[in-house]
Each structure stands twice: as structure tokens, then as C-alpha cells.
Amino acid sequence: MKSEKNHLPIYGPGPVFGGVVIALTVAAMFCRNLPVFQCGNIASLRIPLIVIGILLILFAIFLWVYAVIITKIDDGILHNQLVTTGAYALVRNPIYSAILILCTGVLMIGGNVLFLILPFLYRAFLTVLLKNTEEKWLSELYGEDYKEYCKKVNRCIPWFPKK
């Protein structure tokens, strides 16, 4: 446990990431049928994109619930503990990952393949944002413990931890 002076913010860069990504996703959904973007609407991909989109949205909801409600990240932050179990054993940033996955699912349901470039931009934005904020804070607070955790668990793509 770390001292109360060195306390992580409850929200971190989350509102910035979530706000930007959600706003871009909503804008894409409004623009997807504009004449300039019509070439991205491929009829033969419509049903597969909807199915994949629904599955991604369901997974995003599961991941968010697992991180926030089951793993109780707020308790870890309030007690200055590095949380590496539960959802945090699958991905270092499950809440941000859930937002990214949710917005990707929405874009897929939208059915315009031109906008499927956005999730790659979202991930790049998330990487830059985290490297310059939370990862620095966590590294300062938890030192080697955090560095070892980073070696084992992906930043934003949920996967099985490395041994």
C-alpha cells in the first residue's frame, strides 16, 4: 500500500479518451450514409458486420462490468493498491479497452467499412495518452511491481497473461 500523498486520480485520462472516442463514433454514425461515404457501404458485409458488432458490444459490456463491479477498481485506487487480478489480469486498462471495443462494435453495426479505420486511431490515441499519463504515474507509484506487470499484461487488447 502506498501513502495517501501519492494517490492516483479516480478518473485519470478516462473522460478525455471516452469523450473523444465516443464523439468520433457518433459523428461517424451520422456521416456513414452521406453521399461522400457511400462507397464504404458494402451490402454483402452488412450481416457479418452486424453480428461481429453485437458480439463486440456484449464483450465490451462484460469487460466493463468485470473491471468496475467485480474487480472493484475504485477500491484499489482508494487504497492505493496496484490491481493486477480479475479483469486487470487480462488487460492493464480494461475500462478504456471496453470503451474502445464498444465503439468498434457500434462502427461495425453502422456497416460502413471506411470508418473501420477509426478503431486503429482510437488505439493509437489511447497508447499515447496512457504512456504520457497513467503509465508514468503508476510507474512512479509502484516501480518494479508495475514494470513486471506491464511485461505480462497487454495495455489495451485483452489476452491471457504471459508467464
Side-chain angles (χ1 to χ4, degrees), residues 1-32 52-53 56-108 110 112-163:
M1 185 184 289
K2 300 295 175 185
S3 73
E4 290 299 318
K5 292 179 197 170
N6 297 327
H7 201 281
L8 286 176
I10 289 286
Y11 298 108
V16 171
F17 175 72
V20 168
V21 169
I22 291 169
L24 286 172
T25 300
V26 169
M29 293 302 286
F30 280 113
C31 294
R32 73 182 195 261
I52 294 168
L56 287 174
I57 289 169
L58 292 173
F59 179 67
I61 293 167
F62 164 77
L63 187 59
W64 187 89
V65 167
Y66 191 26
V68 174
I69 296 171
I70 297 169
T71 306
K72 298 180 182 178
I73 186 58
D74 289 351
D75 289 348
I77 294 171
L78 291 173
H79 295 103
N80 269 350
Q81 295 173 328
L82 179 61
V83 178
T84 61
T85 59
Y88 294 83
L90 302 174
V91 62
R92 292 194 314 252
N93 301 284
I95 298 170
Y96 302 140
S97 296
I99 294 168
L100 190 150
I101 293 166
L102 176 86
C103 289
T104 301
V106 169
L107 290 169
M108 289 196 155
N112 190 313
V113 296
L114 295 178
F115 292 107
L116 295 182
I117 189 71
L118 288 175
F120 297 100
L121 298 176
Y122 298 165
R123 182 168 180 224
F125 175 50
L126 179 60
T127 299
V128 170
L129 188 64
L130 290 175
K131 281 186 173 186
N132 290 296
T133 57
E134 276 190 12
E135 289 183 5
K136 283 183 180 180
W137 304 336
L138 290 164
S139 188
E140 288 173 16
L141 275 173
Y142 302 109
E144 279 305 310
D145 289 342
Y146 182 68
K147 289 175 185 166
E148 285 301 313
Y149 172 60
C150 289
K151 290 178 187 175
K152 295 177 185 171
V153 180
N154 289 335
R155 176 181 290 117
C156 58
I157 298 178
W159 197 250
F160 302 102
K162 299 169 188 112
K163 298 279 180 194

*Can you tell me how far the CG atom of L129 sits from the CZ atom of F17, to the nearest 0.5 Å?*
8.0 Å
_Between T71 (side chain only) and Y66 (backbone N and O only), is there a donor and an acceptor less than 3.5 Å apart?_
yes
_Can you give me the closest heavy-atom contact between V91 and P158, atom names plus distance?_
CB-CA, 3.8 Å
*Distance from I61 atom CD1 to I101 atom CD1, nearest 0.5 Å?*
11.5 Å
*Taking atom CZ of R32 as the centre, report whether more than 12 heavy atoms of other residues, nucleotides or ligands fall under 6.0 Å from it.*
yes
*List the atom of A28, the atom of L107, and the distance in Å for their closest heavy-atom pair.*
CB-CD2, 3.6 Å
*What distance separates Y142 OH from Q81 CD, expressed to the nearest 0.5 Å?*
7.5 Å
_N/O donor-acceptor pair under 3.5 Å between N154 side chain and I157 backbone_ = yes
*Looking at E135 and R92, does any basic side-chain N land under 4.0 Å from a carboxylate oxygen?*
yes
*With no hydrogens and no angle check, is any side-chain donor or acceptor of Y149 less than 3.5 Å from a backbone partner on Y88?*
yes
_Residue of the set L56, I22, T25 for which side-chain contact (heavy atoms from CB on, under 4.5 Å) holds with V106_ = T25
*Between the main-chain N or O of A89 and the side-chain N or O of T84, is there a donor-acceptor pair closer than 3.5 Å?*
no
*Do Y96 and E134 meet the criterion of a side-chain donor-acceptor pair at a distance under 3.5 Å?*
yes
_Main chain of C156, side chain of S97: is a donor-acceptor contact present, judged purely on distance under 3.5 Å?_
yes
